[in-house]
Amino acid sequence: MTTGSAETSRDGSDDDPRARLDRELRRVADRLRTLGPARLERAGEDGGSPATRAHAAAQALADLAADAQGRGRRAVPVLPAHALADQVTVTGNDLLVEGDDAALRAGADRLTMLRQAL
């Protein structure tokens with residue numbers, strides 16, 4: 001007998017990579033919106049800021065979508081901190097539309113790492 005939703009496996013991960021990516025995308029975007037520009041731009045002990053991490057995640061999502069469609073990769077522009085939630089959302093939504101299961105899983109993993117670092 002299992003507990004929890006039918007979409008969740010015994011180890012707690014979603015069986016549906018699309019649902020997992022969608023959930024992580026919403027969680028990260030909400031978190032980025034609540035941090036505010038000053039906090040997003042503040043460098044941590046390692047010298048990296050949440051803004052640089054969010055931009056790197058947006059680039060990774062865009063690369064995964066391009067690779068899944070066999071298109072060439074393009075650089076994601078560096079935007080002001082207040083636009084990062086939208087940038088991550090757009091690249092994540094592109095991946096949701098264009099990615100295969102492996103790309104969706106990789107994107108969800110990348111967003112999970114970003115969320116935990118924020």
Checklist entry - Is it true that atom CZ of Arg71 has more than 12 heavy atoms of other residues, nucleotides or ligands lying nearer than 6.0 Å? => result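 Yes, enclosed.
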Checklist entry - Who are the side chain to side chain contact (heavy atoms under 4.5 Å, CB included) partners of Asp67, not counting sequence neighbours? => result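 Partners of Asp67 under the side chain to side chain contact (heavy atoms under 4.5 Å, CB included) test: Arg73.
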Item to check | Steps toward side chain to side chain contact (heavy atoms under 4.5 Å, CB included) verdict (Asp94, Leu61) | outcome: CA-CA 8 Å; Asp94 287 348; Leu61 296 173; over 6 Å; no
Closest approach of [X] to [Y] (non-hydrogen atoms, all atoms of both residues):
X: Ala103; Y: Ala68; value: CB-CB, 4.4 Å
X: Ala81; Y: Pro37; value: CB-CA, 3.9 Å
X: Gln87; Y: Ala58; value: CG-CB, 4.0 Å
X: Ala29; Y: Thr89; value: CB-OG1, 3.5 Å

Item to check | Test side chain to side chain contact (heavy atoms under 4.5 Å, CB included) applied to Leu114 and Leu118, step by step | outcome: CA-CA 6 Å; Leu114 173 59; Leu118 294 176; 4.0 Å; yes
Next on the checklist: Just to verify, what does Arg33 make a salt bridge (charged side-chain N to carboxylate O under 4.0 Å, His left out) with, not counting sequence neighbours?
Outcome noted: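 In terms of salt bridge (charged side-chain N to carboxylate O under 4.0 Å, His left out), with neighbours along the sequence ignored, Arg33 is linked to Asp86.
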Checklist entry - With sequence neighbours excluded, what pairs up with Arg105 under the salt bridge (charged side-chain N to carboxylate O under 4.0 Å, His left out) test? => result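 Salt bridge (charged side-chain N to carboxylate O under 4.0 Å, His left out) list for Arg105, sorted by chain: empty.
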Tell me if a side-chain donor or acceptor on [X] pairs with a main-chain N or O of [Y] at a distance below 3.5 Å.
X: His55; Y: Val76; result: yes
X: Glu41; Y: Thr52; result: no
X: Glu98; Y: Gln69; result: no
X: Glu24; Y: Gly107; result: no
X: Asp22; Y: Arg18; result: no

Next on the checklist: For a side chain to side chain contact (heavy atoms under 4.5 Å, CB included) check, start with the C-alpha distance between Thr91 and Leu95, then their side-chain angles and the critical distance, and finish with the verdict.
Outcome noted: CA-CA 6 Å; Thr91 56; Leu95 181 57; over 6 Å; no
Next on the checklist: Grouping I, L, V, M, F, W and Y whenever their side-chain heavy atoms are under 4.5 Å apart, do Leu64 and Met113 come out in a common cluster?
Outcome noted: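 No, Leu64 does not connect to Met113 through the hydrophobic network.
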Checklist entry - Transitively linked via ILVMFWY side-chain contacts under 4.5 Å: Leu25 with Val90? => result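 Different hydrophobic clusters.
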Checklist entry - Could Arg20 and Asp101 be called an ion pair, given the rule that one side-chain N must be under 4.0 Å from one carboxylate O? => result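 Answer for the salt bridge query: no.
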Next on the checklist: Taking the basic N atoms (NZ, or NE/NH1/NH2) and the acidic carboxylate oxygens, is any pair closer than 4.0 Å for Asp30 and Arg26?
Outcome noted: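 Judged by the 4.0 Å cut-off on N to carboxylate O distance, Asp30 and Arg26 do not form a salt bridge.
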Next on the checklist: Let me confirm one number: the CG-CG distance from Leu79 to Leu84, rounded to the nearest 0.5 Å.
Outcome noted: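 Reported value, rounded in 0.5 Å steps: 6.5 Å.
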Next on the checklist: I need the single residue from Asp46, Leu40, Leu32 that forms a side-chain contact (heavy atoms from CB on, under 4.5 Å) with Arg53. Which is it?
Outcome noted: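 Testing each of Asp46, Leu40, Leu32 against Arg53, the sole residue satisfying side-chain contact (heavy atoms from CB on, under 4.5 Å) is Asp46.
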